[in-house]
Amino acid sequence: MESGASRIYDGIIVGAGHNSLILQAYLGRAGLRVLCIERRSVPGGALATIEDPRNPGFLHNTHSFYHRALNMMPWYRDLDLERHGAEYLEPALNVVLLSDAGETLEWWTDFEKTADSFACFSNSDAATLRRWREAFLPIVERIIVPEAQAPPLEPARRRALLEKSREGRLLLEVSRLSPLEFVRREFKHPVIQAGLLFFNGLREVDLRCPGFGHHIAALLAGSGKAQMCRGGSFVLARALASAVEESGGELRLETEPGRFIREGNRVVGVEATSGERFMARRFVASGLNPHQTFLDLLDHEDLPQKWRDRAGAFRYNLVAPLTALNLNLKAPPRYTAAQSDPGLEKAFMVILGLDHVDRYLEMVACHQAGRRPPNIMWGSCPTLFDPSQAPEGKHTAFMWQKTPYRLNGDPAQWDSERDSLGQEMLAAWCRNAPNLKENLISWFARSPLDVERTFPNMREGDLLVGAFTNGQIGYNRPFPGAGHYRTHLRGLYLCGSCCHPGGNVTGLPGYNCAQVILRDLGVHQDWMPGPIERRLGRL
Ligand SMILES: Cc1cc2nc3c(=O)[nH]c(=O)nc-3n(C[C@H](O)[C@H](O)[C@H](O)COP(=O)(O)OP(=O)(O)OC[C@H]3O[C@@H](n4cnc5c(N)ncnc54)[C@H](O)[C@@H]3O)c2cc1C
């Protein structure tokens with residue numbers, strides 16, 4: 001048992017997801033002594049890779065796998081994560097949509113090849129693709145990326161600054177549309193429309209929701225493509241934990257926070273459910289969701305009614321939950337479509353069952369009704385690119401399908417329905433890649449309820465920890481008053497995916513929170529970007 005004195009830190013972070021670890025490493029490098037408390041036995045949150053206990057040597061990335069443009073992130077470079085063991089792969093044939101008719105729509109790391117693929121469906125859509133990419137290249141570089149990498153601006157101030165430049169005005173104008181309106185207005189071919197909406201769907205934004213029309217144009221222009229971590233997603237967690245350790249930080253695993261300790265209007269520590277107390281001289285940060293942070297961990301009298309109402313009204317994504325089917329294989333999937341296009345053998349992400357926007361709308365309707373949706377699936381065979389994730393000559397592969405959390409009105413239904421959905425997904429996959437049948441060693445499925453059980457912060461199986469609807473974006477994410485990583489109590493901060501710019505493995509909530517805490521402590525570090533207001537003012 002440590003002495004009482006050694007349990008006093010400069011700062012304490014709860015939940016050891018990647019955002020928390022990034023925050024911890026930056027603050028440690030600034031000279032602060034920081035502890036991170038995690039309930040599981042491993043750090044990294046959804047940077048999870050497990051070995052199948054039935055088939056040793058077969059590794060599965062049961063949560064996040066596709067890490068978009070990860071090695072271009074500022075924290076990846078600042079924390080020198082390659083020296084700590086991380087390495088990213090970015091397969092050239094990055095994404096393929098296989099239509100039921102056997103056609104393929106392809107996204108390459110080389111834009112010209114992507115445009116050629118679009119042209120196979122429609123010359124006019126290929127021209128539109130080029131036009132929007134050119135229009136949005138400077139917007140992504142000068143507005144969207146810097147805004148994601150900084151604490152958000154108050155909306156009226158942001159609008160006023162954007163209205164001063166041509167690029168800013170175009171961004172505001174396109175944003176007014178919903179993704180569905182943007183795609184239907186600009187693109188003609190149903191397969192292209194469906195494929196573009198799929199990418200919007202990966203950000204979990206409701207395709208019918210105005211305010212997000214720029215998402216697809218930004219994706220078309222963004223240079224960042226899907227990447228995977230060599231050795232599995234957990235290798236990034238291990239690299240982050242190593243960077244934390246090097247910065248003098250401590251991790252306390254298998255420890256569940258019970259409540260925040262307040263003195264006056266300041267949070268000064270965390271009491272674990274075991275009764276153990278950890279004190280913080282300067283700050284406590286939460287990498288959890290607003291329900292946990294405000295309603296579970298603060299004493300009733302420490303939370304004003306207005307904050308209680310707002311935290312209680314925080315909403316989770318309807319269409320984010322997913323069911324995963326994971327396979328152990330003797331050979332990689334061979335898609336029938338590859339007979340006429342052998343290049344497909346090296347496709348990274350493969351999308352199945354999505355030929356038309358209407359299928360996507362049907363899927364959304366099923367989520368609303370709590371029904372099992374049509375088999376629109378996407379996945380990969382990681383071992384094609386990284387053989388270290390299976391025994392020699394063997395393979396792993398997975399498919400994901402969006403599925404409602406409240407199946408038939410009750411999430412508990414998943415425990416009896418998960419494996420039958422797994423069978424159904426396997427059958428749909430085999431129709432596209434018939435060799436799976438004879439090469440299957442074993443399989444397992446995981447449901448949205450499994451996700452929530454593993455990560456209670458992903459409430460309702462929402463892997464992005466909070467919808468982008470309900471006004472929960474930018475300065476108002478997670479809710480008005482808490483959208484700048486600070487809370488109503490001094491010393492209490494938010495650093496997880498419920499903050500701007502939201503979920504997925506971007507590390508940016510943690511990166512931005514580090515900027516806010518250090519500014520509040522009057523510490524300047526060379527890596528800190530200038531204020532976003534000044535940068536938008538220069539447009
Ligand atoms: C099945 C699935 C697939 C995904 N695929 C991708 C993908 O391909 N690409 C992508 O970018 N994103 C993906 N995501 C989403 C991504 O993983 C998350 O958005 C991201 O991990 C959130 O990071 P975070 O740091 O905010 O928190 P998390 O990674 O969720 O970590 C939170 C941590 O807090 C801990 N915690 C929770 N409650 C408590 C508590 N009460 N006390 C103490 N600790 C607690 C958890 O154990 C966890 O370690 C996927 C998620 C899932 C579930």
Side-chain angles (χ1 to χ4, degrees), residues 12-24 36-48 60-70 73 75 202-204 224 226-229 233-234 236-237 240-241 251-260 270 272-273 285-289 291-293 295-297 316-317 320-326 348-349 378-380 382 398-403 405 445-466 478 494-499 501-511 513:
I12 297 171
I13 305 173
V14 292
H18 76 292
N19 283 302
S20 298
L21 296 176
I22 289 165
L23 170 66
Q24 190 181 11
C36 185
I37 298 174
E38 163 63 42
R39 64 188 277 279
R40 299 182 78 225
S41 58
V42 281
L47 294 176
H60 292 275
N61 300 288
T62 43
H63 296 88
S64 76
F65 174 72
Y66 302 106
H67 296 167
R68 182 165 284 276
L70 199 114
M73 290 293 171
W75 49 268
L202 288 185
R203 286 295 284 157
E204 316 304 348
Q227 301 180 335
M228 63 177 274
C229 192
S233 300
F234 183 69
L236 178 62
L240 284 166
L251 276 172
R252 176 63 91 87
L253 302 172
E254 296 178 332
T255 304
E256 187 138 2
R259 58 182 278 270
F260 294 134
V270 180
T273 47
S286 170
L288 310 184
N289 70 39
H291 287 95
Q292 294 171 301
T293 303
L295 304 180
D296 298 346
L297 292 175
Y316 296 87
N317 279 295
L322 59 81
T323 295
L325 169 66
N326 301 276
F348 184 37
M349 182 195 294
W378 74 106
S380 283
F398 68 88
M399 276 286 160
W400 290 339
Q401 173 173 325
K402 286 176 181 288
T403 46
Y405 171 72
R446 287 180 55 90
S447 74
L449 188 56
D450 294 326
V451 167
E452 186 187 52
R453 283 181 180 137
T454 313
F455 296 114
N457 56 310
M458 296 189 182
R459 198 166 149 133
E460 300 178 13
D462 178 5
L463 45 95
L464 294 195
V465 198
L494 303 175
C495 66
S497 296
C498 69
C499 304
N504 275 336
V505 178
T506 69
L508 296 176
Y511 175 75
C513 182

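In listed order, ligands and their atoms are each counted from 1. Predicted model, so just to flag it, every value in this text is computed and none were measured.
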Hey, could you give me the CG/OG distance between L288 and S497, rounded to the nearest 0.5 Å? 11.0 Å
Nearest to atom 47 (O) of ligand 1, what protein heavy atom do you find, and at what distance? E38 OE2, 2.6 Å
Sub-4.0 Å atoms of ligand 1 with respect to non-hydrogen atoms of R40: 47 (O)
Test side-chain contact (heavy atoms from CB on, under 4.5 Å) on L47 and F234 and set out the steps. CA-CA 5 Å; L47 294 176; F234 183 69; 5.5 Å; no
Checking a contact table here: which protein heavy atom is nearest atom 32 (C) of ligand 1, and how many Å away? N457 ND2, 3.3 Å
Begin from the C-alpha positions of Q292 and V14 and carry the test side-chain contact (heavy atoms from CB on, under 4.5 Å) through to its verdict. CA-CA 11 Å; Q292 294 171 301; V14 292; over 6 Å; no
Would you say S497 has any N or O atom under 3.5 Å from an N or O of ligand 1, going by distance alone? yes
Sidechain-backbone polar pair: W75 side chain, T506 backbone, donor-acceptor under 3.5 Å: yes
Please report the shortest heavy-atom distance between Y405 and E452, naming the atom on each side. OH-OE1, 2.8 Å
Going by the atom numbers of ligand 1, which of them fall below 4.0 Å from some non-hydrogen atom of V451? 53 (C)
Give a yes or no answer on whether the side chain of S64 reaches the backbone of A46 with a donor-acceptor pair at less than 3.5 Å. yes
Report the nearest protein non-hydrogen atom to atom 15 (C) of ligand 1: residue, atom name, distance rounded to 0.1 Å. L463 O, 3.4 Å
Does the ring centre of W400 sit less than 6.0 Å away from the ring centre of Y66? yes
Report the nearest protein non-hydrogen atom to atom 10 (C) of ligand 1: residue, atom name, distance rounded to 0.1 Å. N504 OD1, 3.3 Å
Residue part near ligand 1, for Q292, under 4.0 Å between non-hydrogen atoms: side chain
Keeping T255 on the side-chain end and L253 on the backbone end, is there a donor-acceptor pair under 3.5 Å? yes
Heavy-atom pair with the smallest gap, counting every atom of N317 and D462: N-OD2, 2.8 Å
Walk me through it: do Q227 and F348 pass the test side-chain contact (heavy atoms from CB on, under 4.5 Å)? CA-CA 9 Å; Q227 301 180 335; F348 184 37; 5.8 Å; no
What protein heavy atom is closest to atom 17 (O) of ligand 1, reported as residue, atom name and distance in Å? A46 CB, 3.1 Å
Would you say T62 touches ligand 1, if touching means a heavy atom closer than 4.0 Å? yes
Among all protein heavy atoms in this structure, tell me which lies nearest to atom 31 (O) of ligand 1, with the distance rounded to 0.1 Å. G17 CA, 3.2 Å
Tell me the contacting part of L288 for ligand 1: side chain, backbone, both, or neither, using a 4.0 Å heavy-atom threshold, strictly below. side chain
Do any N/O atoms on G503 end up under 3.5 angstrom from N/O atoms on ligand 1? no
Donor-acceptor pair, distance only, cut-off 3.5 Å: does the side chain of T273 make one with the backbone of E256? yes
Which atoms of ligand 1 are found less than 4.0 Å from any heavy atom of L322? 1 (C)
Tell me the protein heavy atom at minimum distance from atom 44 (N) of ligand 1, and give that distance in Å. R39 N, 3.5 Å
Look at the rings of F65 and F398 and say which category their plane angle falls in: under 30° parallel, 30 to 60° tilted, over 60° perpendicular. perpendicular
Counting only heavy atoms closer than 4.0 Å, does ligand 1 sit against the backbone of V505, its side chain, both, or neither? both
I need the atoms of ligand 1 closer than 4.0 Å to a non-hydrogen atom of N19, numbered in the order shown. 23 (O), 24 (P), 25 (O), 26 (O)
Just let me know how T506 lines up against ligand 1, side chain, backbone, both or neither, with a heavy-atom cut-off below 4.0 Å. neither
Checking T403 side chain against T323 main chain: does a donor-acceptor pair fall under 3.5 Å? yes
At the 4.0 Å heavy-atom cut-off, does P257 count as touching ligand 1? yes
M458 contact mode with ligand 1 (heavy-atom cut-off under 4.0 Å): side chain
Are any of the N or O atoms of S20 closer than 3.5 Å to those of ligand 1? no
Among protein heavy atoms, which sits nearest to atom 9 (N) of ligand 1, and what does the distance come to when rounded to 0.1 Å? Y66 O, 2.6 Å
Of the backbone atoms (N, CA, C, O) and the side-chain heavy atoms from C-beta on, which set of E256 has a member under 4.0 Å from an atom of ligand 1: side chain, backbone, both, or neither? side chain
For G45, counting its heavy atoms only, list the atoms of ligand 1 lying under 4.0 Å from any of them. 29 (O), 31 (O), 48 (C), 49 (O)
Evaluate the criterion side-chain contact (heavy atoms from CB on, under 4.5 Å) for residue pair H63 and L463; output intermediate values, then yes/no. CA-CA 9 Å; H63 296 88; L463 45 95; over 6 Å; no
